[in-house]
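Here it is: the structure, laid out below.
No experiment lies behind these values; they were computed from the predicted model shown.
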Amino acid sequence: MKPLDLATALFVIVIWGLNFVVVKVGVQEMPPFLFMAMRFVVVAAILLPFIRWPKGQFRPLLAYSIVLGVLHFAMMFNAMHLADAATVALLSQLNTPWAVILAAIVFKDYPGWRRILGIVIAFAGCAVIAGEPRFEGGLLPALLVVGGTFLWAVAAVQIKQIGEIGPFALNGWMAAMAAPQLLAISFMVEDGQWEIMTNLSWLGWGAIFFQSVMVVIVGYGLWYGLIKRYPISRVIPLTLLLPVVGVAGGVLILDEALTPYMIVGGILVMIGVGIVTLRQAMRAAPHQPKVPS
């Protein structure tokens, strides 16, 4: 990769890696469903004036907004409310093994023994991390992340079935559909939305801005530009740095503890996901999702 493009890729990785820290700050400032709703409101407000409605795609996009925009983010943000950012950053890497498993089921893209080994190692690392007796909700945070990563892989399958649609159109219309659903859920299970928003600190507004503008608009825009210019085998392996940035951010910025469970489990997760990711990149598999959550 050219030096400028490599720097761009690393910049996006830093944005996405620090996003775990930002989400943790956000769910401390406001309830998870309200935070998610505001994220999508801002994304929709920015993108909708510049995108067209893809004809004949209402039902697929609605289903996609439910799976990714509502269910996936609900699990991930509520997990972040219960666990630390570093732990979620590590466990969230399970989206890659789940994507391989679903590709085998849906597209008959069966993995070889190396990717199967990587999947087993990654889930073993998840089990080690989940066995740490320090989560407020017991196993619930780990289960939420595992479920959230599975739903992310389901959403990746949905994108393949939707067909040709630009990344900004996909994100914009998904945000427009997910926002009212999340607002409705927020008013059903959360309280004091108006008071929270009118008294929101700069950290809360900063979290909303970072989530909507930096992660979606800037991050996805730059990443898709790299995907167009370079083979997947050169770009996707860089995502292995995501948990490194996420864990470092949690430890250095939020002063989270780096425990033996996290170290051992995290190493196993990264080894397993690394095997799967590198094998996928070498094969340039058409069903491998190109953009992480």
Check your understanding: Is there a donor-acceptor pair closer than 3.5 Å between any side-chain N or O of Thr277 and the backbone N or O of Gly274?
Key -> no
Check your understanding: Are Trp202 and Met38 grouped together when hydrophobic residues (ILVMFWY) are joined by side-chain heavy atoms under 4.5 angstrom apart?
Key -> yes
Review point. Within a strict 4.5 Å, meaning less than it, do heavy atoms of the Asn78 and Leu140 side chains meet?
Key: no
Practice item. State the CZ-CG distance between Phe11 and Leu4, to the nearest 0.5 angstrom. Key: 12.0 Å
Check your understanding: Would you call Ile13 and Trp223 a side-chain contact if the rule is heavy atoms closer than 4.5 Å?
Key -> yes
Point to revise | Interatomic distance, Ile165 atom CD1 to Met174 atom CE [nearest 0.5 angstrom] | key: 11.0 Å
Practice item. Evaluate the ring planes of Phe35 and Phe77, with Trp represented by its six-membered ring, and classify them as parallel (under 30°), tilted (30 to 60°) or perpendicular (over 60°). Key: tilted
**Study point:** Leu144 CG to Met76 CE distance, which is reported to the nearest 0.5 Å
**Key:** 9.5 Å
Practice item. Supply the atom-to-atom distance Met177 CE to Tyr64 OH, rounded to the nearest 0.5 angstrom. Key: 12.0 Å
Point to revise | Glu256 side-chain N/O to Ala85 backbone N/O, donor-acceptor pair under 3.5 Å | key: yes
**Study point:** Exceeds 12 heavy-atom contacts within 6.0 angstrom, atom CD of Gln161
**Key:** yes
**Study point:** Heavy-atom check, side chain of Val70 versus side chain of Ser65, under 4.5 Å
**Key:** no
Check your understanding: So, do Pro141 and Thr87 sit near enough that their side-chain heavy atoms are less than 4.5 Å apart?
Key -> no
Exercise for review: Find out if a path of hydrophobic residues (ILVMFWY) with successive side-chain heavy-atom gaps under 4.5 Å connects Ile271 to Val120.
Suggested key: no
Exercise for review: Please check if Leu48 and Val215 belong to a single hydrophobic cluster, counting links between Ile, Leu, Val, Met, Phe, Trp and Tyr side chain heavy atoms closer than 4.5 Å.
Suggested key: yes
**Study point:** Tyr261 to Ile129 - nearest heavy-atom pair and separation
**Key:** O-CG1, 4.0 Å
Review point. If you group Ile, Leu, Val, Met, Phe, Trp and Tyr by side-chain heavy-atom gaps below 4.5 Å, do Val244 and Trp16 land in one group?
Key: no
Review point. When you measure from the side chain of Glu190 to the backbone N and O of Leu34, does any donor-acceptor pair fall under 3.5 Å?
Key: yes
Review point. Atom CD1 of Ile105 and atom OH of Tyr110: how far apart are they, to the nearest 0.5 Å?
Key: 9.0 Å
**Study point:** Ile208 reachable from Trp194 in the ILVMFWY side-chain graph, under 4.5 Å edges
**Key:** no
Point to revise | Enclosure of Phe150 CZ (heavy-atom neighbours >12, cutoff 6.0 Å) | key: no
Point to revise | Chi angles and distances behind the side chain to side chain contact (heavy atoms under 4.5 Å, CB included) call for Val157, Phe107 | key: CA-CA 9 Å; Val157 173; Phe107 302 112; 4.1 Å; yes
Point to revise | Non-hydrogen side-chain atoms of Leu62 and Gln181 separated by less than 4.5 Å | key: yes
Check your understanding: Between the side chain of Glu29 and the main-chain N/O of Val25, is any donor-acceptor distance below 3.5 Å?
Key -> no
**Study point:** Minimum heavy-atom distance between Pro31 and Ile196, given as atom pair plus value
**Key:** CD-CD1, 3.5 Å
Review point. Do you know the tightest heavy-atom contact between Thr149 and Leu91?
Key: CG2-O, 3.9 Å
Check your understanding: Is there side-chain contact between Leu151 and Leu68, with at least one heavy-atom pair below 4.5 Å?
Key -> no
**Study point:** Side chains of His72 and Val67 in contact at under 4.5 Å (non-hydrogen atoms)
**Key:** no
Check your understanding: If every non-hydrogen atom of Gly26 is compared with every non-hydrogen atom of Ala207, which pair is closest and at what distance?
Key -> CA-CB, 3.9 Å
Revision key, fill the gap. Rounded to the nearest 0.5 Å, the CZ atom of Phe40 sits from the CD atom of Gln211 at a distance of 8.0 Å
Exercise for review: Quick one: do Trp98 and Phe123 satisfy ring pair (Phe, Tyr, Trp, His ring centres under 6.0 Å)? Show the steps, please.
Suggested key: CA-CA 10 Å; Trp98 278 128; Phe123 278 100; 5.2 Å; yes
Check your understanding: Between Ser186 and Leu182, is there a donor-acceptor pair closer than 3.5 Å when you use the side chain of the first and the backbone of the second?
Key -> no
Practice item. Could you check Ile185 against Met188 for side chain to side chain contact (heavy atoms under 4.5 Å, CB included), going step by step and ending with a plain yes or no? Key: CA-CA 5 Å; Ile185 295 173; Met188 286 189 290; 4.2 Å; yes
Check your understanding: Can you name the nearest heavy-atom pair linking Val189 to Phe33, along with the distance?
Key -> CG2-CD1, 3.9 Å
Exercise for review: Taking all heavy atoms of Ala86 and all of Val247, pick out the closest pair and write down the distance.
Suggested key: O-CG2, 3.7 Å
Exercise for review: Could you walk me through whether Leu226 and Met1 pass the side chain to side chain contact (heavy atoms under 4.5 Å, CB included) test, one step at a time?
Suggested key: CA-CA 9 Å; Leu226 294 170; Met1 298 178 70; 4.0 Å; yes
Check your understanding: Is atom CG of Asp255 surrounded by more than 12 heavy atoms (other residues, nucleotides or ligands) closer than 6.0 Å?
Key -> no
Point to revise | Min side-chain heavy-atom separation Pro243-Val269 under 4.5 Å | key: no
Listing, residues 50-61 side-chain donor-acceptor contacts under 3.5 Å, not counting sequence neighbours, or none:
{"from": "Gln57", "atom 1": "NE2", "to": "Ile162", "atom 2": "O", "distance (Å)": "3.1"}

Check your understanding: Would Leu47 and Ile217 satisfy side chain to side chain contact (heavy atoms under 4.5 Å, CB included), going step by step from the backbone distance to the final call?
Key -> CA-CA 8 Å; Leu47 292 181; Ile217 310 299; 3.5 Å; yes
Check your understanding: Judged by modelled atom types alone, do Asn171 and Tyr220 share a side-chain donor-acceptor pair under 3.5 Å?
Key -> no
